[in-house]
**Q** 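Following this message is one structure expressed as structure tokens.
Both counts, for ligands and for their atoms, begin at 1 and track the order of listing. Please read these numbers as outputs of a predicted model, since none were measured by experiment. Counting from 1, the numbers follow the sequence of the chain as shown.
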Amino acid sequence: MGKLFVIEGVDGAGKNTLARRLVSAWERDGLAVVRVGFPRYGRSVHADLAAEALQGEHGDTAGSVHAMALLFALDRKDAADEIRNLLSRNDIVLLDRYVASNAAYTAARLEQSLDGAAVEWIRSLEFERFGAPVPDVQVLLDVPVALAAERAAARESADAARTRDAYERDGSLQTRTSAVYGRLAETNWASPWRVVRADVDPDRLAADMFNQPSAEPKVTR
Ligand code: TMP
Ligand code: MG
């Protein structure tokens, strides 16, 4: 059975770059690794609807915090069997965003912290009701929110297809999301977390993650 790893962080944190470096490190060690990014754009109708809503389509969908969270959660519900299948055939499945994204952004939109209703709603909806596999390790890529925002803005000017969405344009949402992520990591929400900065040594992190003893599947708030 492979290990399930997750990279989390605010928009523009640099998750994609870190994911590529981790995959190279593991592959150099001869491990079989697959990467899945959430939302699964182009593969999940729920993911596509969510992206369209954040670009202003589908009426007041984006205005509903819970409707948006349900779309993201349904994408993962549809992916749960595929993730289990990938875990049975690989050493590592690396996810770029996962359930904690929904916990962090949903709580942040509602101006709640870890102990508000949103985080527990997501935990029970996704891990219990939808049976989303619980990660072995979650990594928070913690970069200053201002830097992440600059990167999201730079992406927009470089590539017309990457117009910033409603969440990326909302600096105060990104700041609150970063705070909730910090609390999720501090409390090892759902599984052990590692908090890393952009200058983390990817080879060491890759080794540390792979050698992390598997905790009893733990689903706590
Ligand atoms: P993306 O920027 O990774 O494409 O994701 C789109 C936005 O949706 C991003 O601001 C994070 C947010 N999001 C959630 O709120 N819940 C989720 O479950 C996921 C995967 C993303
Ligand atoms: Mg984004």
**Q** Is ligand 1 less than 4.0 angstrom away from at least one heavy atom of Arg109?
**A** no
**Q** Without swapping roles, check the side chain of Thr106 against the backbone of Ala103 for a donor-acceptor pair under 3.5 Å.
**A** no
**Q** Taking heavy atoms and a distance under 4.0 Å, where does Asn102 meet ligand 1: side chain, backbone, both or neither?
**A** both
**Q** For ligand 1, find out whether one of its N or O atoms is nearer than 3.5 Å to an N or O atom of Asp11.
**A** yes
**Q** Atom 18 (O) of ligand 1: which of Arg76, Arg97, Arg164, Glu168 has the nearest heavy atom?
**A** Arg76
**Q** My understanding is that we take every heavy atom of each candidate and find the minimum distance to atom 14 (C) of ligand 1. Doing that for Tyr98, Phe72, Phe38, which one comes out nearest?
**A** Phe72
**Q** Kindly say whether Gly131 contributes a backbone atom to a donor-acceptor pair with the side chain of Lys77 at under 3.5 angstrom?
**A** no
**Q** Under 4.0 Å between a side-chain nitrogen and a carboxylate oxygen: does that hold for Asp170 and Arg164?
**A** no
**Q** To make sure I understand the geometry: which N, O or S atom in Asp11 is closest to the Mg ion (ligand 2)?
**A** OD1
**Q** Could you tell me whether the side chains of Gln212 and Asp136 share a donor-acceptor contact shorter than 3.5 Å?
**A** no
**Q** Near Tyr41, which atoms of ligand 1 are under 4.0 Å from a heavy atom of that residue?
**A** 1 (P), 4 (O), 5 (O), 6 (C)
**Q** Can you tell me the protein heavy atom closest to atom 15 (O) of ligand 1 and the distance?
**A** Tyr105 CB, 3.3 Å
**Q** Under 3.5 Å, is there a donor on one side chain and an acceptor on the other for Ser88 and Arg84?
**A** no
**Q** Has ligand 1 got any nitrogen or oxygen that is less than 3.5 angstrom from a nitrogen or oxygen of Tyr167?
**A** no
**Q** Does this structure show an ion pair linking Asp75 with Arg40, if we count only N-O contacts that are shorter than 4.0 Å?
**A** yes
**Q** Is it the case that the side chain of Ser64 and the backbone of Thr61 share a donor-acceptor pair, with hydrogens and angles ignored and the cut-off at 3.5 Å?
**A** no
**Q** What atom name does the N, O or S atom of Glu168 nearest to the Mg ion (ligand 2) carry?
**A** OE2
